[in-house]
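Structure, as structure tokens:
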Amino acid sequence: MNLRPLPIILLGLATSACDKAKELANKASTAVQKEIASQTDSSKGGAAAELQKLVDQTPEGVIFRKDLPFPITLEVRSTLREEISSRIHQVSAIDKRVVERKGTRVVITKLERSGDHVRHTLEQSTFTAPPIEGDEEASRVIVDPLSRMTATTKPTTFSRTGSSWKASSSDGFRSAVLSQQLSPVFDQLLVENALAPRSLWFGKRRFKAGDQITITGETLPMLLSGKATGSLVLAFEVTDAVEGHPCGVFSIKGDYSCKNSPNFEGELTDLDVSIQSGKIWLSLLYPIILKQEFDTIQSSKSAGQGGPSERAQGSIKLTHTRAWKAG
């Protein structure tokens with residue numbers, strides 16, 4: 001938009017005329033500000049105007065707020081994309097085998113929370129393998145070998161009674177197994193999926209480009225939940241938005257380990273991760289993580305849902321985005 005100052009046409013007007021001119025100028029300025037604000041929305045990659053107003057930013061830097069009441073009704077659409085090159089050791093009651101796994105995995109889930117009720121829907125879980133030599137197809141989409149569930153539009157609902165979370169009984173035996181496996185770690189799942197705030201967050205320090213912070217020891221819950229150890233170095237880069245939600249972007253590198261990291265399918269995984277390079281988007285309004293782009297080397301060990309145990313080692317380049325919407 002090309003904005004020019006209003007021309008001064010007449011000088012020496014009476015006081016009432018000057019007041020009228022000032023009033024008109026103020027109205028014009030307000031109209032311009034509203035027009036600019038209306039153009040700052042998620043459709044253009046920026047923060048939604050109503051959320052941007054809540055950001056605490058000055059020329060000295062930006063503060064990561066944690067004082068706003070956390071919404072009790074939420075919808076989070078999670079999109080995870082992983083480029084994988086790893087070797088998998090699978091052990092079951094009747095078999096042992098080694099599998100080379102190379103390809104792109106995409107997992108899309110929808111999470112909804114309303115107070116003490118959480119609904120999880122696995123909408124997509126696919127694995128695109130590289131082409132076989134001589135195959136005319138550019139790639140092959142196959143059943144995701146990393147998932148123990150088939151993508152379905154049927155949701156699983158979890159409800160809290162007292163301090164326990166239980167899956168709805170409509171799925172019979174599977175619900176009972178999920179309830180038993182996930183109830184002890186369900187609060188951790190809520191935090192990891194941005195359905196609940198992190199208990200530890202930034203203080204009142206303002207961040208500007210180039211500022212660094214090391215996350216280790218007692219400060220690890222800012223980024224990792226559960227039983228975690230390690231050290232991560234963050235350097236503030238810029239403010240940005242994820243699906244219209246204002247965030248502060250840090251570069252990140254370092255190493256960490258997690259024990260019994262859960263997912264909604266009832267799997268518990270031990271992880272050793274080295275982040276070679278990456279970025280992380282942290283909300284400027286609530287203590288939640290909305291996006292990660294990591295280039296990693298990982299070792300993992302997982303089991304659950306009565307399937308074979310797995311040990312994996314290799315490289316994973318991942319992008320994980322959470323479209324976060326308060327109800």
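The basis for the numbers below is simple: all heavy atoms, side chains too, and nothing from hydrogens, waters or symmetry mates.
- In this structure, a donor-acceptor pair under 3.5 Å is absent between the side chains of Ser114 and Glu112.
- Judged purely by atom type and a 3.5 angstrom limit, Arg322 has no side-chain atom pairing as donor or acceptor with the backbone of Leu290.
- The closest donor-acceptor contact from the side chain of Asp295 to the backbone of Ser277 lies at 3.5 Å or more, if one exists at all.
- Tracing side-chain contacts under 4.5 Å through hydrophobic residues (I, L, V, M, F, W, Y), one never reaches Ile72 starting from Phe158; they form parts of separate clusters.
- Applying salt bridge (charged side-chain N to carboxylate O under 4.0 Å, His left out) to Asp56 and the options Lys204, Lys66, Arg206 leaves one that passes, Arg206.
- Salt bridge annotation for Lys291-Asp240: absent, with no cationic side-chain nitrogen under 4.0 angstrom from a carboxylate oxygen.
- By the neighbour-count criterion of 12 heavy atoms within 6.0 Å, atom CG of Leu54 is densely surrounded, having more than that number from other residues, nucleotides or ligands.
- Shown here for Pro221 and Arg198, the closest heavy-atom pair between the two residues is O-NH1, 3.3 Å.
- Distance check, rounded to the nearest 0.5 Å: OG1 of Thr109 to CD of Glu265 gives 8.5 Å.
- The main-chain N or O of Gln298 is never found under 3.5 Å from a side-chain atom of Thr296 such that the two would form a donor-acceptor pair.
- Checked by atom type and distance alone, the side chain of Arg113 never pairs as donor or acceptor with a backbone atom of Ala196 at under 3.5 Å.
- No more than 12 heavy atoms of other residues, nucleotides or ligands sit less than 6.0 Å from atom CD of Gln180.
- Nearest heavy atoms, Gln52 versus Ala47: OE1-CB, 3.2 Å.
- Residues Val185 and Gln188 are in side-chain contact: their nearest non-hydrogen atoms beyond the backbone lie under 4.5 Å apart.
- Ring pair Tyr286/His245 is tilted by interplanar angle, where 30° to 60° counts as tilted.
- Taken from OG in Ser225 to CG in Leu200, the straight-line distance is 12.5 Å, to the nearest 0.5 Å.
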With side chain to side chain contact (heavy atoms under 4.5 Å, CB included) as the test, would you mind laying out the steps for Leu282 and Leu223 before giving the verdict?
CA-CA 9 Å; Leu282 308 181; Leu223 302 181; 4.2 Å; yes
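- Between the side chain of Ser261 and the main chain of Cys258, no donor-acceptor pair closer than 3.5 Å is present.
- We find that Arg87 and Glu100 are joined by a salt bridge, their nearest charged nitrogen and carboxylate oxygen being less than 4.0 Å apart.
- Annotation: side chain of Gln57 is in contact with side chain of Thr239 (closest heavy-atom distance under 4.5 Å).
- Rounding to the nearest 0.5 Å places CD of Gln181 at 11.0 Å from CG of Asn260.
- Distance CG/Leu285 to CH2/Trp324: 8.0 Å, rounded to 0.5 Å.
- Judged by distance alone, the side chain of Thr58 and the main-chain N or O of Glu60 form a donor-acceptor pair under 3.5 Å.
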Could you walk me through whether His120 and Thr156 pass the side chain to side chain donor-acceptor pair (under 3.5 Å) test, one step at a time?
CA-CA 5 Å; His120 169 268; Thr156 301; 5.2 Å; no
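- Residues Cys247 and Val242 share a closest heavy-atom pair of SG-CG2, 4.0 Å.
- Contact check for Trp165 versus Val118: side-chain heavy atoms found under the 4.5 Å cut-off.
- A donor-acceptor contact shorter than 3.5 Å links the side chain of Ser179 to the backbone of Ser175.
- Salt bridge annotation for Lys301-Glu310: absent, with no cationic side-chain nitrogen under 4.0 angstrom from a carboxylate oxygen.
- Residue Ala194 comes nearest to Val76 through the heavy atom pair O-CG2, 4.2 Å, listed as atom of the first residue, atom of the second, then distance.
- For the pair Glu82/Leu80, a side-chain contact is recorded, criterion being any heavy-atom separation below 4.5 Å from C-beta on.
- Each of Val191 and Leu224 belongs to its own hydrophobic cluster when Ile, Leu, Val, Met, Phe, Trp and Tyr are linked at side-chain heavy-atom distances under 4.5 angstrom.
- In this pair, Phe236 and Phe207 present their aromatic rings tilted. The plane angle is within the 30 to 60° band.
- Residues Ile213 and Ile63 fall into different hydrophobic clusters, defined by Ile, Leu, Val, Met, Phe, Trp and Tyr side chains chained together at heavy-atom separations under 4.5 Å.
- Around atom CZ of Arg160, more than 12 heavy atoms belonging to other residues, nucleotides or ligands sit under 6.0 Å away.
- Here the straight-line distance linking atom CG of Asn193 with atom OG of Ser78 works out to 6.5 Å at 0.5 Å rounding.
- Looking at Ser86, its side chain never comes within 3.5 Å of a backbone N or O of Gln313 through a donor-acceptor pair.
- Checked by atom type and distance alone, the side chain of Thr216 pairs as donor or acceptor with a backbone atom of Gly230 at under 3.5 Å.
- Remark: Phe250 CZ to Gln292 CD distance equals 13.5 Å, nearest 0.5 Å.
- Taking a cutoff of 4.0 Å between a charged side-chain nitrogen and a carboxylate oxygen, Arg81 and Glu293 do not qualify as a salt bridge.
- Within the 4.5 Å cutoff, the side chain of Ile280 has heavy atoms near those of the Ile289 side chain.
- Classification of Glu83 and Lys317 as a salt-bridged pair fails, no side-chain N sitting under 4.0 Å from a carboxylate O.
- Side-chain contact check for Leu234 versus Ile215: some heavy-atom pair is nearer than 4.5 Å.
- In this structure, Gly248 and Leu284 approach most closely via the heavy-atom pair N-CG, 3.6 Å.
- When hydrophobic clusters are built by joining Ile, Leu, Val, Met, Phe, Trp and Tyr residues whose side-chain heavy atoms come closer than 4.5 Å, directly or via intermediates, Ile275 is not grouped with Ile297.
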Side chain to side chain contact (heavy atoms under 4.5 Å, CB included) between Lys279 and Ile252: does it pass, once the steps are laid out?
CA-CA 5 Å; Lys279 293 184 179 182; Ile252 183 171; 5.6 Å; no
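- The side-chain heavy atoms of Phe202 and Met222, taken from C-beta on, include a pair separated by under 4.5 Å.
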Criterion side chain to side chain contact (heavy atoms under 4.5 Å, CB included) on Leu195 and Leu111, from CA distance to verdict
CA-CA 8 Å; Leu195 293 170; Leu111 296 162; 4.1 Å; yes
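- By the 4.5 Å heavy-atom criterion applied to side chains, Leu68 and Arg65 are counted as neighbours.
- Using a 4.0 Å cut-off between charged side-chain N and carboxylate O, Lys325 and Glu75 make no salt bridge.
- Note on Leu182 and Leu190: same hydrophobic cluster, where clusters join Ile, Leu, Val, Met, Phe, Trp and Tyr whose side-chain heavy atoms are under 4.5 Å apart, directly or indirectly.
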Take Tyr256 and Phe294 through the ring pair (Phe, Tyr, Trp, His ring centres under 6.0 Å) test and state the conclusion after the steps.
CA-CA 13 Å; Tyr256 70 88; Phe294 296 163; 7.9 Å; no
Going through the distances and angles, do Ser302 and Glu267 end up as a side chain to side chain donor-acceptor pair (under 3.5 Å)?
CA-CA 7 Å; Ser302 62; Glu267 297 172 338; 5.8 Å; no
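- Closest of all the heavy-atom pairs between Ala326 and Leu74 is CA-CD2, 3.8 Å.
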Please test Gln212 against Thr214 for side chain to side chain donor-acceptor pair (under 3.5 Å), starting from the C-alpha separation and ending with a verdict.
CA-CA 7 Å; Gln212 290 193 2; Thr214 299; over 6 Å; no
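- Heavy atoms of other residues, nucleotides or ligands lying less than 6.0 angstrom from CZ of Arg205 number more than 12.
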